Amino acid sequence: MARFDTNRSAEMEVFVRVVDLGGFTPAARKLRLTPSGVSKLISRLETRLGARLVNRTTRRLTLTEEGQAFYERSLRILAEMEEAELEAASGAAPRGRLTVNCNIPFGMLHVMPLIPRFLAQHPDVTLDLVLTDTVIDLMQERADVAIRVGPLRASRLVARKLGTSRMVVVGAPDYLARCSMPKIPADLADHRGIGWTFPRSIRGWPFRRGDHAEEALPPPVARASDGEAARRLCLGGVGLARLALFHIGPDIESGRLVPVLQGYNPGDREDIHAVYVGHTAPLPARVRAFIDFLAEHVRVSDPALKRTGDGKWKLVG
């Protein structure tokens, strides 16, 4: 049975502030309480829960496993309480701060051009847009939505597909003039590649010859932290890269990049999803509005590459 003499939401808020600010004293200063008062409140909370939440030392404060779980759940509960109050006061109209984390190339090409229209339709929403190819923890980073390109890890997140794109190995014309066009995947051993500073689920580039699948990878001479950096290195003639067609399609059509080993391209695709936390509670109106907006307005086609009579490559379909 609930204890009505305990202000549990206040306890959660104090605990979250202690964790976010890294100690009792800064939390007390922010909440206009005394450090001893904050410390006693956390101790009472631990006694009521029957679990230690924080390990206290003279120099730092760390969370126990139970404390980390309680912190993450507290963040969600406090956010839902705030959202409930906002929606009750505003008739569930989208409002408040919306934090979106997005893959850099997709964000630059497909999300940022839509932002003015979205904000015009929802003037009470304030947007925080973070562009990065690093896969973040939505709970830890307090992000409402993340847009991810490529295979999704197993998680409790909800995913909504926004599109799909073929993968293509490409090189700049001046690089291919210097190093020659590879004829078979094994030729990549004599080429220079552009890799990634973060781990990928596929270590080698996949190729297919009839029913035979194989992997090959040129030795990386440079590594990039995101797709746009890799594209620019490739355009500069540093080496070969394997990138999504949604990102480099205009470069191929203009001749700035040339497809390589297309006869061995396995035709694999990378899916694009919007992911969010949504299993346990209704979505905040601002999050639902943004995801629905993306699903309606994002246009990521999956064309094929065809060589024309003059030897150039064109996107078809």
Side-chain angles (χ1 to χ4, degrees), residues 16 19-20 68 71-80 82-83 86 94-122 124-165 196-201 223-232 243-244 246-247 269-300:
V16 166
V19 176
D20 287 346
Q68 182 65 38
Y71 170 73
E72 293 176 0
R73 185 63 65 87
S74 296
L75 285 177
R76 293 174 60 179
I77 291 172
L78 292 171
E80 288 167 7
E82 180 180 2
E83 187 65 29
L86 289 172
R95 63 178 301 171
R97 175 170 293 177
L98 175 70
T99 302
V100 177
N101 181 282
C102 186
N103 165 279
I104 293 175
F106 190 82
M108 294 177 65
L109 293 172
H110 294 280
V111 176
M112 290 182 65
L114 296 174
I115 294 303
R117 184 175 178 182
F118 174 78
L119 293 178
Q121 290 182 7
H122 304 289
D124 293 326
V125 173
T126 302
L127 178 69
D128 287 352
L129 179 62
V130 179
L131 297 183
T132 176
D133 282 8
T134 302
V135 177
I136 67 158
D137 183 316
L138 266 70
M139 293 298 302
Q140 186 173 353
E141 299 295 331
R142 300 195 189 184
D144 296 303
V145 182
I147 299 173
R148 294 177 178 167
V149 178
L152 295 177
R153 299 174 181 174
S155 71
R156 293 176 294 175
L157 299 176
V158 180
R160 185 162 178 178
K161 189 174 179 178
L162 301 176
T164 188
S165 185
W196 306 103
T197 59
F198 52 86
R200 300 279 289 182
S201 59
R223 292 181 174 88
S225 63
D226 60 82
E228 178 60 18
R231 168 183 170 266
R232 290 180 179 272
L243 300 168
F246 83 81
H247 185 196
R269 297 165 170 82
E270 288 206 331
D271 292 333
I272 301 138
H273 292 90
V275 298
Y276 53 94
V277 179
H279 281 303
T280 60
L283 280 180
R286 65 184 184 277
V287 177
R288 173 60 64 189
F290 185 72
I291 293 170
D292 289 344
F293 182 86
L294 289 178
E296 179 181 359
H297 296 289
V298 166
R299 297 290 182 264
V300 182

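These numbers come from a predicted model, not from an experiment.
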### Task
For side-chain contact (heavy atoms from CB on, under 4.5 Å), just list the numbers for Phe293 and His122, CA-CA rounded to whole Å, side-chain angles, deciding distance to a tenth of an Å, and then say yes or no.
CA-CA 11 Å; Phe293 182 86; His122 304 289; 5.6 Å; no
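Here His273 pairs with nothing under the ring-ring contact (aromatic ring centres under 6.0 Å, His included) rule; sequence neighbours left out. Checked against side-chain contact (heavy atoms from CB on, under 4.5 Å), Ala244 has the following partners two or more places apart in sequence or in another chain: Ser165, Met167, Phe246. Remark: Val16 engages Asp20, Tyr71, Ser74, Leu75, Leu78, Arg142 in a side-chain contact (heavy atoms from CB on, under 4.5 Å) (not counting sequence neighbours). In this view, Thr164 and Asp271 satisfy the side-chain hydrogen bond (donor to acceptor under 3.5 Å, both in side chains) rule, not counting sequence neighbours. Annotation: salt bridge (charged side-chain N to carboxylate O under 4.0 Å, His left out) contacts of Arg117 (sequence neighbours excluded): none. Remark: Arg160 engages Asp292 in a side-chain hydrogen bond (donor to acceptor under 3.5 Å, both in side chains) (not counting sequence neighbours). Listed by chain and number, the residues in a side-chain contact (heavy atoms from CB on, under 4.5 Å) with Leu127 are Leu98, Val100, Ile115, Leu119, Leu129 (sequence neighbours excluded). Remark: Arg223 pairs with no residue by the side-chain hydrogen bond (donor to acceptor under 3.5 Å, both in side chains) rule, at least two apart or across chains. Looking at residues two or more places apart in sequence or on another chain, you find a ring-ring contact (aromatic ring centres under 6.0 Å, His included) between Phe290 and Phe118.
Ile147 has its side chain within reach of Leu294: a pair of non-hydrogen atoms, C-beta onward, lies under 4.5 Å apart.
The two residues Asp124 and Pro94 have their closest heavy-atom pair at CB-O, 3.8 Å. Minimum interatomic distance between Leu243 and Gly227 (heavy atoms only, all atoms of both residues): CD2-O, 4.2 Å. Of all the heavy atoms in Ala230 and Ala224, the pair that sits closest is N-CB, 3.6 Å. Scanning both residues, Thr197 and Ser225, for their nearest heavy atoms gives OG1-CA, 3.2 Å. When all heavy atoms are compared, the tightest approach of Ala159 to Val275 is CB-CG1, 3.8 Å. Considering every non-hydrogen atom in both Leu162 and Val298, the closest pair reads O-CG1, 4.1 Å.
The salt bridge (Lys or Arg N to Asp or Glu O under 4.0 Å) analysis of residues 97-106, with sequence neighbours excluded, yields the pairs Arg97-Asp128. Residue pairs meeting the salt bridge (Lys or Arg N to Asp or Glu O under 4.0 Å) criterion with at least one partner in residues 99-110, sequence neighbours excluded, are absent.
Separating the NE2 atom in His247 from the NE2 atom in His110 is a distance of 9.5 Å, to the nearest 0.5 Å. Expressed to the nearest 0.5 Å, how far CD1 of Ile272 lies from NZ of Lys161 amounts to 9.0 Å.
The pair Glu228-Arg232 meets the salt-bridge criterion, since a charged nitrogen lies less than 4.0 angstrom from a carboxylate oxygen.
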